[in-house]
Amino acid sequence: MKECIYLNRIFSGIQPTRVAHLGNYLGALKHFVDYQEAENTESFFCVVDLHALTVRQDPKELHERTLDLIATYLAIGLDPNKANLFVQSHVPAHSEAAWLLTTISRMGEMSRMTQFKDKSKGSSETAGVGLFSYPILMAGDILLYQTSQVPVGEDQKQHLELARDLAERFNRDYGDIFTIPEPMINKVGARIMGLDQPEKKMSKSAESEFNYITLLDTPKQIEKKLKRAVTDSENEIRFDPENKPGVSNLLTIESVITGQSISELEQHYQGMGYGALKKELIEVVTDHLRPIQERYQEIRYSDELFHTLRKGAARANEVAGETLAKMKKAMGLIQL
Ligand code: TYM
């Protein structure tokens, strides 16, 4: 890959905590596959293992989930010859950049991060410092690659704003080093809701497994979970997230997977009941995930995984190292 031909860079990351779910897939992962084809664009898709450490992880589990996620990247169609796929901890610049950016971050702006408030459940005395400063590490992830666009789900919007603020502040105080990144948030699917609680986003940390469908769920599990998905007491298939969050969520899932618009789906389901919607969606989800799961099984324990990781890390270290050197020089640190 020759750097000079790229005008844009895309960066995104996913935490290797549990298996990726439909929210991760429809809000982010699925779009990565399209973006790797974009012209004049180099893309970096990272498994952010350092982020996962902000809450206690079982080391063996973390190790396995990291490999699972890289296998998932390949299984959905990301191609190591088109995109750089790598693990965050293989690029030491991420940790270093996080410290440098910490020195320009403010307590006030960090305290306003809603994800910290949610995850620490209001008990800031016992919450980890890593959980608090995590958005700075994320800002570094993005800025190190001179990223112009960051495809994410809606829940990452506030973190992206912080990354932009830090980039602007650094550029103002130390000279023009960083590209200012733009979030890329899709209109449909940026916030997939929990199947059992459609007022809240689908989440890996949900208590019930009926909240989410993982990319590795069996057809039986998919059927069971979708059959149990919460709807409402009407029987009209209409997109109305405020009054009909469950049904609207199911329509959104079908829309992103099939590429049909929500209004096309509403027309298609006119006069039909929720049973019909669920039956069709079970088929759509199962058929979509089947080839992904087959490919996943083929590669999960193959050498392809480590080959991909080495290639990705080499290029990521090159690009991130260059930006880190510029940051250090601008801040007055001596380089040998
Ligand atoms: P994470 O691992 O929680 O989620 C990965 C991606 O999935 C999206 N997502 C959703 N989209 C739609 N509906 C949902 N219910 C849903 N749940 C999750 C997230 O928005 C995200 O795009 N902080 C990030 C990881 C990260 C990162 C980065 C992302 C670290 N560094 C740099 C972009 C750029 C996170 O915890 O995502």
Side-chain angles (χ1 to χ4, degrees), residues 11-18 23-24 27-28 46-57 62 88-89 93-145 147 149-174 177-185 190-194 197 199-207 211 320 323-324 327-328 330-331 333:
F11 182 97
S12 199
I14 298 196
Q15 294 198 48
T17 41
R18 301 209 188 160
N24 301 133
C46 184
V47 173
V48 290
D49 53 351
L50 298 176
H51 282 273
L53 292 175
T54 54
V55 291
R56 176 89 181 92
Q57 300 289 335
L62 179 62
Q88 187 184 27
S89 64
H94 287 254
S95 307
E96 278 195 72
W99 175 252
L100 300 181
L101 292 172
T102 298
T103 65
I104 63 160
S105 304
R106 298 173 181 156
M107 291 301 288
E109 64 193 351
M110 298 309 296
S111 311
R112 284 193 288 277
M113 294 289 130
T114 51
Q115 246 186 25
F116 172 72
K117 289 189 209 164
D118 290 349
K119 287 198 179 175
S120 62
K121 298 190 175 80
S123 63
S124 55
E125 272 300 303
T126 50
V129 176
L131 203 57
F132 182 72
S133 61
Y134 154 117
I136 307 174
L137 179 61
M138 175 163 164
D141 298 342
I142 296 166
L143 301 180
L144 278 172
Y145 297 86
T147 302
Q149 285 150 322
V150 188
V152 279
E154 205 176 72
D155 60 345
Q156 298 301 317
K157 202 168 160 200
Q158 196 187 29
H159 293 160
L160 252 297
E161 276 158 20
L162 178 81
R164 287 169 59 87
D165 287 347
L166 293 181
E168 277 165 8
R169 194 173 306 152
F170 194 98
N171 285 353
R172 189 195 63 209
D173 293 351
Y174 293 111
I177 304 284
F178 295 128
T179 302
I180 310 296
E182 294 281 345
M184 283 168 103
I185 299 175
R191 193 172 171 82
I192 300 293
M193 311 309 275
Q197 265 188 315
E199 314 76 34
K200 286 190 176 163
K201 70 166 185 177
M202 183 177 284
S203 166
K204 285 178 201 167
S205 50
E207 272 161 31
N211 178 270
T323 305
L324 181 69
M327 289 173 75
K328 287 179 168 174
M331 293 178 101
L333 305 179

Closest approach of [X] and [Y], non-hydrogen atoms and distance?
X	Y	value
I136	A98	CG2-O, 3.6 Å
F11	T147	CB-OG1, 3.4 Å
I104	L166	CD1-O, 3.6 Å
D141	V48	OD2-CG1, 4.0 Å
I185	G153	CD1-O, 4.3 Å
S12	P151	OG-O, 2.7 Å

Is it true that [X] and [Y] have a side-chain N and a carboxylate O under 4.0 angstrom from each other?
X	Y	result
R169	E109	yes
R191	D155	no
E154	K201	no

Would a 4.5 Å heavy-atom cut-off, applied to side chains only, mark [X] and [Y] as touching?
X	Y	value
H159	V152	no
Y145	T323	no
L333	L100	yes
L160	E182	no
L143	I177	no
L101	F178	yes
I142	P181	yes
M202	M193	no

Begin from the C-alpha positions of Y174 and M327 and carry the test side chain to side chain contact (heavy atoms under 4.5 Å, CB included) through to its verdict. CA-CA 8 Å; Y174 293 111; M327 289 173 75; over 6 Å; no
Would you confirm whether the ring centroid of Y134 sits within less than 6.0 angstrom of the ring centroid of F116? no
Does the side chain of T17 come under 3.5 Å of the side chain of Q57 through a donor N or O and an acceptor N or O? no
Indicate whether the side chain of Q197 and that of N211 have a donor and an acceptor atom separated by less than 3.5 Å. no
Nearest 0.5 Å, what's the [atom1]-[atom2] distance between [X] and [Y]?
X	Y	atom1	atom2	result
D49	S89	CG	OG	3.5 Å
H94	Q88	NE2	CD	6.0 Å
R106	S111	CZ	OG	13.0 Å
L131	T126	CG	OG1	10.5 Å
R164	E161	CZ	CD	8.0 Å
Q15	C46	CD	SG	11.0 Å

Evaluation steps, side chain to side chain contact (heavy atoms under 4.5 Å, CB included), between I14 and V47: CA-CA 5 Å; I14 298 196; V47 173; over 6 Å; no
Working note: E168 + I180, criterion side chain to side chain contact (heavy atoms under 4.5 Å, CB included); need CA distance, chi angles, decisive distance, verdict. CA-CA 7 Å; E168 277 165 8; I180 310 296; 3.6 Å; yes
Among M110, M138, R112, side-chain contact (heavy atoms from CB on, under 4.5 Å) partner for L162: M110
